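Working notes for the structure below.
Below, read A as the first sequence line, B as the second, and so on, with proteins coming before strands; counting in each chain starts at 1. Owing to the predicted nature of the structure, the values given are computational and were not obtained by experimental measurement.
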Number of protein chains: 2
Amino acid sequence: MEKRAIANAWSGVSNCENCGIRHLALFADLEHTDFELIHKPIMEVEKKAGDRLYGEGDEGQFLYTVRSGVIKLTQYLPDGGQRIVRLLRTGDVAGLEVLVNPTYEHYATVLRDAELCQIPRDVVERLNRETPRLHNQLLNRWHTAVKQADEWLTELSTGSSKSRVARLVIGLSDKVDNSCYLFSREDLGAILGVTTETTSRIIAEFKREGSLKDLGKNHFLADLVRLQNIANEN
Amino acid sequence: MEKRAIANAWSGVSNCENCGIRHLALFADLEHTDFELIHKPIMEVEKKAGDRLYGEGDEGQFLYTVRSGVIKLTQYLPDGGQRIVRLLRTGDVAGLEVLVNPTYEHYATVLRDAELCQIPRDVVERLNRETPRLHNQLLNRWHTAVKQADEWLTELSTGSSKSRVARLVIGLSDKVDNSCYLFSREDLGAILGVTTETTSRIIAEFKREGSLKDLGKNHFLADLVRLQNIANEN
DNA sequence: TTGATGCATTGCGAATTATCAATGGAATAA
DNA sequence: TTATTCCATTGATAATTCGCAATGCATCAA
């Protein structure tokens with residue numbers, strides 16, 4: 001995990017303004033003068049799979065914009081059971097809740113090596129107070145989060161585990177080349193609320209029947225038509 | 001379903017400003033001058049259990065603040081399966097998504113007779129543009145929605161159906177007098193992602209073992225300690 | 001009161017999923 | 001190369017949940 005200061009205040013400003021993924025990021029709508037409101041450095045950090053960004057209950061100092069990679073947000077039950085409630089990808093923001101509450105509400109863990117912009121909470125709060133151009137982006141982020149949560153409830157937590165795995169694979173597939181990078185069976189199970197073994201059995205079955213072709217390293221070729229049928233069955 | 005215009009523009013304004021539940025409502029932080037920005041009537045509507053506020057895909061003309069009663073937000077799967085993704089109660093807002101998208105994203109149905117404030121989308125959009133005092137409330141609403149969705153994923157869609165029913169009953173219980181108003185077994189099942197029969201069996205079992213005491217009309221006395229144990233078991 | 005209606009409950013067999021334990025296979029380090 | 005380690009897969013069995021049909025129960029209207 002390497003940390004590279006984009007900057008002291010001024011050059012941090014300069015870099016955000018020219019960020020390659022700015023059109024996807026929280027600061028998409030900011031104008032030149034807005035960037036002058038940023039008086040704390042925004043760091044670009046790299047994290048490896050397995051690294052933790054923050055834990056539930058930790059004091060929320062930073063928000064994170066995902067530049068690349070995948071982050072999982074996890075919550076635990078009293079009995080120790082865990083559930084992955086959301087996946088964050090390029091352009092998504094982790095830790096939005098610290099604008100409303102002092103602490104984080106999830107464990108944020110890197111699922112695939114990630115590059116992130118680490119933004120001090122103060123910076124976002126100040127921009128939120130002083131320029132209206134951040135508001136729409138913030139509302140959009142919240143909306144996206146609710147939408148994903150609702151989809152997970154209806155699509156990934158309803159029906160037989162077979163259809164649910166199928167829906168998850170479809171959701172993780174690149175619709176252009178039908179390729180699909182999966183996660184460990186344990187993580188897939190934690191997304192779906194089923195056991196590791198059940199997930200494994202179903203994916204193995206998909207491979208046997210040709211719905212998935214194994215390309216190695218958890219990379220698959222997906223037969224989306226077939227999977228869609230399974231997804232709709234039950 | 002009776003509709004009573006609070007007003008032409010001016011008296012609508014006046015009434016919102018003096019609303020009995022304003023401290024809970026979307027307009028909680030507005031100041032006197034902000035109310036003058038409201039140039040369309042806000043209607044107070046009464047709906048009976050079973051009435052529908054709007055459907056998924058409908059053009060989103062209104063937001064609704066719940067004054068009393070309970071509203072369910074439902075999504076459907078292609079195979080016809082349905083899932084209740086959220087319950088709205090006093091102070092909650094239905095239809096927030098129309099500030100971001102043109103159409104509603106759920107079916108909103110009255111679960112218990114409800115009184116609602118029907119607010120034209122334009123009104124909220126204008127206030128959102130012209131007064132910063134609505135922003136925090138909007139962010140808060142979104143945050144609440146995400147939080148409830150996440151809780152439903154971890155608590156109501158994880159573990160055995162018995163623990164899930166127990167967690168749901170606890171969540172629906174009045175912590176002061178341990179009383180609990182349930183819904184039809186079908187609705188409870190749609191909240192938990194299990195069948196009506198399974199839900200019914202579990203609640204019947206709770207009654208037999210004394211975790212719930214039936215007071216008639218889906219009103220129960222809950223033994224929260226016992227239920228909590230069941231909730232944590234598995 | 002008497003039906004009629006709409007739910008809730010229950011029984012039972014089938015299907016699904018969990019659980020525990022063993023085996024297999026691929027990637028990595030020595 | 002050879003171990004080693006970490007997962008994924010599979011088997012066997014138990015437990016849970018579903019699906020369908022029958023029955024019970026309370027409410028409401030005639």
What integer distance in Å separates [X]:[atom1] from [N]:[atom2]?
| X | N | atom1 | atom2 | result |
| --- | --- | --- | --- | --- |
| B/Asp214 | C/dC7 | CG | P | 17 Å |
| B/Lys162 | C/dT17 | NZ | C1' | 18 Å |
| A/Glu205 | C/dT17 | CD | C1' | 13 Å |
| A/Leu111 | D/dC7 | CG | C1' | 15 Å |
| B/Leu212 | C/dA8 | CG | P | 14 Å |
| A/Arg164 | C/dT17 | CZ | P | 8 Å |
| B/Ile230 | D/dT16 | CD1 | P | 13 Å |
| B/Ile202 | D/dA15 | CD1 | C1' | 13 Å |

Looking only at the side chain of [X] (C-beta and beyond, no hydrogens), which of the listed nucleotides [options] gets closest?
| X | options | answer |
| --- | --- | --- |
| A/Arg185 | D/dA8, C/dT9, D/dC18 | D/dA8 |
| A/Ser200 | C/dA27, C/dT10, D/dT9 | D/dT9 |
| B/Arg208 | C/dT9, D/dC18, C/dT10 | C/dT10 |

> Given side chains that start at C-beta, do those of B/Ile71 and B/Thr109 come closer than 4.5 Å, heavy atoms only?
Replying inline: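 No - every pair of side-chain heavy atoms lies 4.5 Å or more apart.
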> Is the closest side-chain heavy-atom distance between B/Leu153 and A/Ser157 below 4.5 Å?
Replying inline: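 They are in side-chain contact.
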>> Applying a 4.0 Å non-hydrogen cut-off, can you work out what A/Ser160 is touching in the nucleic acid: base, sugar-phosphate, or nothing?
In response: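 Counting heavy atoms under 4.0 Å across all strands, the contact made by A/Ser160 is with sugar-phosphate only.
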Under a 4.0 Å N-O cut-off, is there an ion pair linking [X] with [Y]?
| X | Y | value |
| --- | --- | --- |
| B/Arg86 | B/Asp92 | no |
| B/Lys162 | B/Glu205 | yes |
| A/Lys47 | A/Asp113 | no |

Just N and O in the side chain of [X]: are any of them under 4.0 Å from OP1 or OP2 of [N]?
| X | N | value |
| --- | --- | --- |
| B/Thr195 | D/dT17 | no |
| A/Ser184 | D/dC7 | no |
| B/Lys207 | C/dA8 | no |

Just the table, please: protein N/O against nucleotides 20-26 of chain D N/O, every pair under 3.5 Å.
from	atom 1	to	atom 2	distance (Å)
D/dC20	N4	B/Glu197	OE2	3.4

> Do the ring centers of A/Tyr54 and A/Tyr107 come within less than 6.0 Å of each other?
Replying inline: no
> So which of B/Asn218, B/Leu168, B/Thr199, B/Leu87 actually passes side-chain contact (heavy atoms from CB on, under 4.5 Å) with B/Phe183?
Replying inline: B/Leu87
>> Please compare A/Gly216 and A/Ser161 by the position of their nearest nucleotide in DNA chain C and report the one closer to 5'.
In response: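 Its nearest nucleotide lies further toward 5', so the answer is A/Ser161.
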